[in-house]
K.L.:
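Here it is, the structure, as structure tokens.
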Amino acid sequence: MEKIFHKPRMLKIKRRSCLNLQKIWMVNYKLTYFDTRGLAEASRQVFHLAGVKFEDVRIPFGDPSWEKLKKKTPFGQIPVLSVDGFEIPQSMAILRYLSRKFGFAGKTPEEEAWVDAIVDQFKDYIVSFRQLIVAVREKKSVDEIEKIRKEISDPAKESYFKILNGILTKSKSGFLVGDSVTFADLVVADNLVTLEKNGEFNRSEQPKLTALLEKVHNLPKLKKYIGSRPDTQF
Ligand SMILES: N[C@@H](CCC(=O)N[C@@H](CS)C(=O)NCC(=O)O)C(=O)O
């Protein structure tokens with residue numbers, strides 16, 4: 001089991017009491033997932049954006065330690081976030097929790113609702129993309145794979161990209177919601193990376209989505225991490 005520690009930046013908190021500062025500093029976060037981006041990547045990025053130290057536990061695929069650990073997780077799956085030993089399962093619950101805590105969930109209830117809506121839309125789309133991936137993994141025939149691509153995956157992707165392009169056309173900041181980065185941007189950008197690595201996203205065909213992806217990856221607090229993280233297909 002590999003542990004990667006994120007070195008925290010100096011906290012720039014002006015008006016917080018020493019007691020609060022101590023409390024923030026002392027919280028022990030541990031995010032456990034497989035050694036891939038997948039369902040944990042946006043949460044990892046929230047920690048980096050917030051400049052908050054966390055233990056990035058990555059279990060290699062096929063590692064025998066997983067079967068033992070599985071029994072101890074709340075729902076039998078990962079990611080799991082431990083906050084001073086208090087465990088939170090489910091990737092989206094973790095991501096929302098961290099984003100609310102560190103200020104990346106939207107600035108008003110309306111922004112929060114839009115951030116959630118964009119991530120829910122992503123979940124709707126990803127179901128069809130998974131069908132394609134499963135067909136490839138199961139070594140279905142070329143005809144079967146092409147059928148899934150044409151009838152399910154491509155139309156779902158087209159409608160998903162249309163929605164995102166519509167939002168970005170109206171955006172003044174270049175982010176999906178409001179005037180600063182939210183976890184919706186992180187989820188969408190990471191999905192674009194996955195699609196690109198699997199031949200499903202071409203930067204030259206999608207200038208607005210590409211601009212979003214590059215904007216997110218060039219955020220000063222993310223850039224170094226993005227450049228040095230393990231390179232994984234999913
Ligand atoms: N809905 C859950 C799904 C979690 C999930 O499917 N985790 C997979 C890895 S991506 C897992 O733990 N697989 C190992 C297993 O089920 O034994 C979430 O979003 O966290």
Side-chain angles (χ1 to χ4, degrees), residues 1-4 29-50 52 54-102 104-106 112-138 148 152-153 156-157 160 176 182-198 200-201 216 225 229-234:
M1 204 182 292
E2 193 185 350
K3 289 179 183 179
I4 297 171
Y29 295 100
K30 183 166 85 170
L31 182 60
T32 304
Y33 190 54
F34 291 115
D35 189 13
T36 192
R37 287 174 296 106
L39 297 174
E41 186 60 16
S43 290
R44 291 182 185 125
Q45 291 181 13
V46 169
F47 278 119
H48 286 274
L49 279 174
V52 172
F54 74 110
E55 203 180 324
D56 187 1
V57 180
R58 293 169 180 251
I59 303 172
F61 285 109
D63 193 285
S65 68
W66 166 238
E67 283 312 315
K68 217 168 156 190
L69 182 65
K70 182 178 172 73
K71 295 188 190 106
K72 293 187 190 158
T73 63
F75 292 172
Q77 287 192 311
I78 44 180
V80 170
L81 176 70
S82 160
V83 184
D84 280 341
F86 176 81
E87 292 196 322
I88 304 173
Q90 282 289 355
S91 57
M92 284 305 156
I94 294 168
L95 182 57
R96 285 197 178 95
Y97 164 81
L98 292 173
S99 299
R100 283 194 195 116
K101 200 163 186 178
F102 301 136
F104 300 102
E112 284 181 0
W114 263 93
V115 171
D116 285 346
I118 291 168
V119 172
D120 284 347
Q121 192 63 36
F122 156 76
K123 283 192 281 178
D124 287 352
Y125 159 61
I126 212 68
V127 171
S128 64
F129 175 61
R130 277 211 194 102
Q131 285 187 47
L132 185 65
I133 296 300
V134 168
V136 174
R137 271 203 197 136
E138 288 177 352
I148 293 173
I152 302 171
S153 186
K157 186 173 72 180
Y160 177 57
L176 288 162
T182 65
F183 72 88
D185 299 300
L186 303 181
V187 167
V188 168
D190 197 60
N191 177 230
L192 293 174
V193 172
T194 299
L195 292 175
E196 186 174 41
K197 283 181 178 292
N198 291 278
E200 294 287 315
F201 171 65
V216 169
Y225 167 67
R229 67 183 175 176
D231 184 19
T232 60
Q233 195 168 359
F234 292 96

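Order of appearance sets the numbers: ligands from 1, and atoms from 1 within every ligand.
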K.L.:
What do you reckon, are the aromatic ring centroids of Phe61 and Phe34 less than 6.0 Å apart?
P.N.:
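When the ring centroids of Phe61 and Phe34 are compared, they turn out to be within the sub-6.0 Å range.
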K.L.:
List for me each residue that meets side-chain hydrogen bond (donor to acceptor under 3.5 Å, both in side chains) alongside Arg130, sequence neighbours excluded, and say none if there are none.
P.N.:
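In terms of side-chain hydrogen bond (donor to acceptor under 3.5 Å, both in side chains), with neighbours along the sequence ignored, Arg130 is linked to no residue.
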K.L.:
Centroid-to-centroid, Phe54 to Tyr29, below 6.0 Å?
P.N.:
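When the ring centroids of Phe54 and Tyr29 are compared, they turn out to be at least 6.0 Å apart.
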K.L.:
Would you please write out the protein residues whose heavy atoms approach any atom of ligand 1 to under 4.0 angstrom, listed by chain and number?
P.N.:
Tyr33, Phe34, Leu39, Trp66, Lys70, Gln77, Ile78, Pro79, Gln90, Ser91
K.L.:
Does Arg137 make a cation-pi contact with Phe234, if we ask for NZ or CZ under 6.0 Å from the ring centre and within 45° of the axis?
P.N.:
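Arg137 over Phe234 ring: yes.
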K.L.:
Under the rule for side-chain hydrogen bond (donor to acceptor under 3.5 Å, both in side chains), what residues qualify as partners of Glu67, not counting sequence neighbours?
P.N.:
none
K.L.:
Cut-off 3.5 Å, no hydrogens considered: what does the side-chain donor-acceptor table look like for residues 73-83, sequence neighbours left out?
P.N.:
unit_1	atom_1	unit_2	atom_2	d
Thr73	OG1	Lys70	O	2.8
Thr73	OG1	Gly76	N	2.9
Thr73	OG1	Gln77	N	3.3
Ser82	OG	Gly85	N	3.2

